[in-house]
Amino acid sequence: MPAPAFHVKIVPDDTMRWGLTPETCTGSAGRCSANSPNQLESRSRMNRIDKTFAALKQTGRTGLVPFITAGDPDAAWTTAIMHALVAAGADVIELGVPFSDPMADGPVIQKSSERALARGMNLHGVLELVRSFRSEDAQTPIVLMGYLNPIEYFGWERFAGLAAAAGVDGVLLVDCPPEEADSVRPVLDQHQLAQIFLASPTTTPARLAKMAALAQGYVYYVSFAGITGADRLALDDVHQKIAAARKVIHAPLAVGFGIKSAEQAVALAADADAVVIGSALVEQLALAGDQEAAVRAATRFLAPIRSALDAASKLKAA
Amino acid sequence: MLEPIEAPADFFTQPDARGHFGPYGGQFVADTLMAPLAELTVAYEEARRDPAFIAELDKDLKHYVGRPSPIYHAERLSAAVGGAQILLKREDLNHTGAHKINNTIGQGMLARRMGKTRIIAETGAGQHGVASATVAARLGLECVVYMGATDIERQSINVFRMKLLGATVVPVTSGSQTLKDALNEAMRDWVTNVHNTFYIIGTVAGPHPYPMMVRDFNAVVGREARVQMIEQFGRLPHALVACVGGGSNAIGLFHPFLNDREVAIYGAEAAGHGLDSGKHAASISAGRPGVLHGNRTYLLCDEYGQVTETHSVSAGLDYPGVGPEHAWLKDTGRAQYVGITDDEAMAAFHQLARCEGILAALESSHAIAQAIKLARTLPRDQLILANLSGRGDKDVQTIARLEGISL
């Protein structure tokens, strides 16, 4: 299959993102004022993740956060899959930016990245997919998840500006712990992109405290010491570890790594504000032969987990 | 791009407490590895200050590795070149045939001290894998070596050597199936088995403290050389030369000389088919700073930051990154990095063999080639010290194949 050509306009199209037509902008030199989409946009952008978690808390539901790799199995299907995930109950979407050397990922995500790269996906293409998704969905938060190097090469200023303009809400950089985030953070802040950090069973209390101070959006709690998709989930152990992390971190906690079934998701829902599911979903999508099949696979995979989580929340509330 | 960096008054101050060499180095890893890296840093800092640890290390370096390695004056080669005198630091005479053992002995002892029972390592050509398997056998530790499936095919003899030493060799089939992917896979093993496993990284790359620790264990080369130069020749050399892939043998030689400003320093990178060919492994000469394998350094990537496949006739230099301290030495201007092509390295290999009766490793032949180039430009009374980092026995099949000879 030929590599699809991706094209991103370098000039951010701010109006499209917020569902505002250019006519709502008034004032000279094309600047928006008065009814201020600029203010609107920064507020809603900053809060899309926060709003989502606030709403979940209010309704007593557990958040569901699917991860898929942008451009896998096919870039042309990605936005349709994203919409299907939202329809099936996704609260936040983590969109993977493929990288040649995914050091923290297991075989499923590795292969997924390789497929996406082989078909020509790159950071331009990822942002174009987000922009396309955003034109039809102004609510669902999108977090880009990946590694530093593609962004380093793209340029931080350029990335942050274009990502914000495309409608990205947060960035999870797997190989950028808080200790190395000094130079990145101001750029992300300037464009109101939340930086999501990873915490894990090996994170010391002192580092958890530092992370709590820096946390934006949510904290992604890695359920075990290992790589994505491994069969190492020990629910009792995770339960204790999350309880300890809870005492320190006040931002919402999303738990991920190794969650493959509704049963596991429900078990973790007791401790976490959200569950992240990646490898198990990506594995299903990889089997799809066309967009329709991929959309069906996404729905079939996520909807039962959504129902199970909601049933469990209702039970808990009762 | 990064701002030019001013050379510091003292080059021994690097890295800082968090492993940064100027803007390079650092700990760019997933959160799960931060605690194990902190534990390793503390254990290493304690060990290097413990006279008992140092005494045991020195004893093994002397009686097991065979140190000190001599400095040999290559008189016939120097005469043939017709310029400065070429001196060779003979790391090829070490046990297992290369400088790699200096590091694996140190890290192996540290693994035992930390109570780890299992050693893992990545390897490209197999030299670091053999050195790790050797030390694991010597210390009675389990050893698993990750090696790209492509490299396993190319280096079958070293694979068998590792197995003879009791190691398990795991083929890596992800990515380009070479050294960089082996490193990714070893890191994945480490994050999963960190409770009982020590990861011996083979070069001065990876997250802090590896670039510092691997440098320190290899710096025995430069410390010896500095003393030997004064004893044998009454002065320091005019220039140092070493090959640079990840850069462990080079930093080992260079580091003790960094504050001797009168000593020029040259790193020879693998220019493969030429720096403009796209088929080389010269990260500093032709790359851009980025983040890979836990540190910020010069990398070879495509325009989108995807790490590209590299090429060198010598598998040991075939790596798309370089140690962060080299990146910093380049930016400060303290060291110069030049490209040596496959052909130049092969020519140097043959010239050294014919003039001095020494078969150099193809990696080290890059350093010899640069020493020859440099010698031609300097007067006869100048001294150039090149690191002969490994012996060439492992490369004879490759050389025969390249020259169309069937053995």
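Proteins get letters first, then strands, A, B, ... in listed order; numbering begins at 1 in each. As the structure is a computational prediction, the values presented were derived from the model and not from experiment.
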Take atom NZ in B/K330; do more than 12 heavy atoms of anything else shown fall under 6.0 Å from it?
-> no
Interatomic spacing from CG in B/L292 to CG in A/L148 - rounded to 0.5 Å | 11.0 Å
Nearest-0.5 Å distance that lies between atom CE in A/M121 and atom OH in B/Y304 = 11.0 Å
B/D31 to A/M211 - nearest heavy-atom pair and separation = OD1-CE, 3.2 Å
Got B/P289 and A/E152 here, is their nearest side-chain heavy-atom distance under 4.5 Å?
-> no
Under 4.5 Å between any side-chain heavy atoms of A/N149 and B/L299, yes or no?
-> yes
So does B/E153 have more than 12 non-hydrogen atoms from other groups sitting under 6.0 Å from CD?
-> no
A/F154 CZ to B/E303 CD distance, which is reported to the nearest 0.5 Å | 10.5 Å
Taking B/A38, B/C301, B/A35 one by one, which has the highest count of heavy-atom pairs under 4.5 Å against chain A?
-> B/C301
Under 4.5 Å from a heavy atom of chain B, the part of A/I151 involved | neither
A/H239 atom NE2, neighbour heavy-atom count above 12 within 6.0 Å = no
Side-chain heavy atoms of B/H293 within contact of A/D101, under 4.5 Å = yes
Heavy-atom nearest pair, A/S200 first then B/T32, reads OG-CA, 3.3 Å
Under 4.5 Å heavy-atom distance to chain B, tell me which part of A/P98 shows up: side chain, backbone, both or neither.
-> backbone
Ion pair A/D105/B/R188, N-O distance below 4.0 Å | no
Supply the atom-to-atom distance B/M187 CE to A/D175 CG, rounded to the nearest 0.5 angstrom.
-> 10.5 Å
Counting heavy atoms not belonging to A/K260, are there more than 12 under 6.0 Å from its NZ?
-> yes
Whether over 12 other heavy atoms sit under 6.0 Å from B/N196 CG = yes
What's the spacing between B/D302 CG and A/S100 OG if we round to 0.5 Å?
-> 7.5 Å
Do other residues, nucleotides or ligands put more than 12 heavy atoms under 6.0 Å from the NZ atom of A/K111?
-> yes
Answer yes or no: does atom CG of A/D182 have more than 12 heavy-atom neighbours from other residues, nucleotides or ligands under 6.0 Å?
-> yes
Out of A/L117, A/V222, A/T204, which one racks up the most heavy-atom pairs below 4.5 Å with chain B?
-> A/L117
Given B/R296, B/Q27, B/H20, the one that forms side chain to side chain donor-acceptor pair (under 3.5 Å) with A/E180 = B/H20
Atom OG1 in A/T202, atom CE in B/M34: separation rounded to 0.5 Å?
-> 9.5 Å
Check against side chain to side chain contact (heavy atoms under 4.5 Å, CB included), A/F224 and B/T192 | CA-CA 8 Å; A/F224 52 78; B/T192 306; over 6 Å; no
Shortest non-hydrogen contact from A/F99 to B/V291?
-> CZ-O, 4.5 Å
Side chain / backbone / both / neither for A/Q110 at chain B, heavy atoms under 4.5 Å | side chain
